[in-house]
Number of protein chains: 2
Amino acid sequence: MRRFRSGDHRIKAGQDIFSPGARCEAIYSLTGGWAFRYALLEDGRRQILDFVLPGAVLGFHPTDGARATYGVQALTDASVCVIRRSDLVALSRELPEIGFRLAWLVSRDRSLAFDHLASLGRQSAHQRVAHLILELFIRYRAQWPGQRFEEMHLPLTQEHIGDALGLTSVHVNRVLRDLRKKGVLEFHYKRLCIHDPDKLIGIAEIDQNLLQSWMGQPALNGDVGFDLTGQKTSGETATSSKRRTSRTETRNAL
Amino acid sequence: MRRFRSGDHRIKAGQDIFSPGARCEAIYSLTGGWAFRYALLEDGRRQILDFVLPGAVLGFHPTDGARATYGVQALTDASVCVIRRSDLVALSRELPEIGFRLAWLVSRDRSLAFDHLASLGRQSAHQRVAHLILELFIRYRAQWPGQRFEEMHLPLTQEHIGDALGLTSVHVNRVLRDLRKKGVLEFHYKRLCIHDPDKLIGIAEIDQNLLQSWMGQPALNGDVGFDLTGQKTSGETATSSKRRTSRTETRNAL
DNA sequence: GCATGACGTTGATTTAGGTCAAACTACCCG
DNA sequence: CGGGTAGTTTGACCTAAATCAACGTCATGC
């Protein structure tokens, strides 16, 4: 299986893993670090489509050989494992369940995109910000359980948040100020601290159902990992302090 | 293969194929008619996530046995073919490529969701309306080639458009009026007529790349159909007048 | 032929969020 | 240590789209 892995690539924070318009001849499995998918509009503005955590597959596109309509950029230093498309097909002949795993992974992305869509289309700026922060916090904890309760390193600028939510960074700043004043959370220079998770959930107006769906992600230190490459993924590569891997119950978190 | 098909179901326009919060124990393949996926917010507002044409798979969710976070509603009278999840797994053991086909289908949805997301987040009302109409027009023509050039039956109300684009139906109405006044298109009681496709593309600010990605859909009367169920899908079931099936080159359409 | 209901159209007014511009603060690096 | 740059914060003002509300129009059934 691992004979197909043409080695890991390391990507510096801020660099593209692939850029919009690139021909897609390989797929990538993110093995460490944070990244985001983004689209560029004609006028140069950017829309962040989603944030990507280790274990995700990047660059699997509907039409083979077509040009990517979006790009992926690393938020932290990151590493990816590259698999050529042709190898993937060959690989799947030996391991038929790979197709299903792929479908499962892509389907998770789709669900997140749908949630994001509903938030963008119908929620206020406050709701959107609360929604996004909750989503990232929960997904993060599902991957790396056992963190200190309400605190995390969130490698985003306010501009990233704005670009994800269809807001200006100026407005994101004002929303964050309000949330801070209300004692809900603090987000300062990539350090997120959630003081009142319940209030945050209240503001985001998220139902239990959705919350649940974000948590249902296989933990990386467990044995459920849908890892296309057959290697266990590690945490962030850089910017990362050492972390405990003690298993905690994440289901009823918050 | 077809022994797994537990028969076609017929759905009346306006009915749900499945509703938000439903347990997902089966998946559906839309075999005829139009539908849309939608999410409901706590306050009852609706966000339409995407529009679904025959050939699509509905109800494939990341977490087995979880509750759906969105619903699917028929826009026209429609028909679906139901496949139990357990049967799908069994089926895929015999036909390994099914996993891949599934991944491919879901990946298409994801791409459309991403396009939609970028439009919602960063484009003006005019651009969004132009974008959506173009997308639907192109996808429609890719499925049923040989239609009269600029005209189609689009089974949407202005409220549907608003719910898809995060706008009020009032505002959609004003945008459509402007587009009509500018001689770009007319949309009246589900009859869409595009008078100036180039101007429409200009307003939507869509790049060639994206346009191309919408067209790269297998035509239903061809032999490329990624049909999970093994049966050829037909056109709409109801509301449909007879249509020619003559093959035309859709690649350079518009 | 008229009642009913869903859908579309238009105007007056309000508001959430954008834009522009000027500090301010943390952090990096020589 | 000091200067540069990327990120954050705040204020004054503006605009796109929402809201509210009335009216028009098409399609159906009795």
Side-chain angles (χ1 to χ4, degrees), chain A residues 12-15 41 43-48 73 75-77 119-132 153-181 185-193 203 238-239, chain B residues 12-15 41 43-47 73 75-76 119-133 153-181 185-193 203 205 238-239:
Chain A
K12 282 255 167 56
Q15 297 261 304
L41 302 215
D43 60 3
R45 287 185 305 172
R46 177 175 72 171
Q47 172 67 42
I48 290 183
Q73 184 171 127
L75 273 170
T76 63
D77 289 359
S119 185
L120 275 206
R122 288 298 184 211
Q123 296 198 291
S124 70
H126 283 253
Q127 293 175 314
R128 283 186 241 180
V129 170
H131 183 115
L132 178 65
H153 173 74
L154 226 202
L156 307 178
T157 65
Q158 296 180 356
E159 186 154 9
H160 286 126
I161 298 179
D163 282 353
L165 299 180
L167 300 168
T168 56
S169 59
V170 174
H171 200 66
V172 169
N173 183 283
R174 290 194 240 264
V175 170
L176 288 175
R177 170 163 51 68
D178 288 2
L179 293 176
R180 183 167 1 104
K181 272 189 189 151
L185 59 78
E186 283 180 275
F187 179 60
H188 235 72
Y189 289 96
K190 308 196 173 172
R191 195 88 231 146
L192 170 68
C193 195
I203 291 169
T239 5
Chain B
K12 282 253 167 57
Q15 297 260 306
L41 303 216
D43 61 1
R45 287 184 306 172
R46 178 175 71 173
Q47 172 68 42
Q73 185 171 126
L75 273 170
T76 64
S119 184
L120 276 207
R122 288 297 183 212
Q123 296 198 291
S124 71
H126 283 253
Q127 292 175 314
R128 285 187 238 181
V129 170
H131 182 115
L132 178 64
I133 286 181
H153 172 74
L154 224 204
L156 307 178
T157 64
Q158 295 181 354
E159 186 155 7
H160 285 127
I161 297 179
D163 282 353
L165 300 181
L167 302 168
T168 56
S169 59
V170 174
H171 200 66
V172 170
N173 183 283
R174 290 193 241 263
V175 170
L176 289 174
R177 168 164 52 65
D178 288 1
L179 293 176
R180 183 166 2 103
K181 272 188 189 149
L185 60 80
E186 281 180 276
F187 179 59
H188 229 71
Y189 289 96
K190 308 193 172 175
R191 196 87 231 147
L192 170 68
C193 197
I203 291 169
E205 292 198 17
T239 4

B:Glu205, CD: over 12 other non-hydrogen atoms inside 6.0 angstrom: yes
Would you indicate, yes or no, if D:dT9 has its OP1 or OP2 atom less than 4.0 angstrom from a side-chain nitrogen or oxygen of A:His188? yes
Using only side-chain N and O atoms of A:Gln158, determine if any of them is under 4.0 Å from OP1 or OP2 of D:dT9. yes
The side chain of [X] lies closest to which of these nucleotides: [options]?
{"X": "A:Thr168", "options": "C:dT19, C:dT10, D:dA18", "value": "C:dT19"}
{"X": "B:His171", "options": "D:dT8, D:dA17, C:dT9", "value": "D:dA17"}
{"X": "A:Ser124", "options": "C:dG17, C:dT9, C:dC20", "value": "C:dG17"}

At under 4.0 Å between heavy atoms, what does [X] touch on the DNA or RNA strands: base, sugar-phosphate, or nothing?
{"X": "B:Gly166", "value": "sugar-phosphate"}
{"X": "A:Leu167", "value": "sugar-phosphate"}
{"X": "B:Ser169", "value": "nothing"}
{"X": "A:Thr157", "value": "sugar-phosphate"}
{"X": "B:Arg174", "value": "base"}

Could you check how far [atom1] of [X] sits from [atom2] of [N], rounded to whole Å?
{"X": "A:Glu159", "N": "D:dT5", "atom1": "CD", "atom2": "P", "result": "17 Å"}
{"X": "A:Leu156", "N": "D:dG7", "atom1": "CG", "atom2": "P", "result": "12 Å"}
{"X": "B:His160", "N": "C:dA6", "atom1": "NE2", "atom2": "P", "result": "13 Å"}
{"X": "A:Asn173", "N": "C:dA22", "atom1": "CG", "atom2": "P", "result": "18 Å"}
{"X": "B:Leu176", "N": "D:dT25", "atom1": "CG", "atom2": "P", "result": "18 Å"}
{"X": "B:Asp163", "N": "D:dA18", "atom1": "CG", "atom2": "P", "result": "11 Å"}
{"X": "B:Leu154", "N": "C:dC7", "atom1": "CG", "atom2": "P", "result": "15 Å"}
{"X": "B:Lys190", "N": "D:dA27", "atom1": "NZ", "atom2": "P", "result": "11 Å"}

Any idea which heavy atoms bring B:His126 and B:Asp178 closest together, and the distance? CE1-OD2, 3.1 Å
Exercise: identify the closest heavy-atom pair between A:Leu120 and A:Gln47: CD1-NE2, 4.0 Å
Would you give the length of the straight line joining atom CD1 of B:Ile161 to atom CD1 of B:Ile133, rounded to the nearest 0.5 angstrom? 5.0 Å
Euclidean distance, B:Leu185 CG relative to B:Leu154 CG, rounded to 0.5 Å: 10.0 Å
Starting at the 5' end of DNA chain C, which residue's closest nucleotide do you reach first, A:Ala125 or B:Phe187? B:Phe187
Toward the 5' end of DNA chain C, by each residue's nearest nucleotide, A:Tyr189 or A:Arg45: A:Arg45
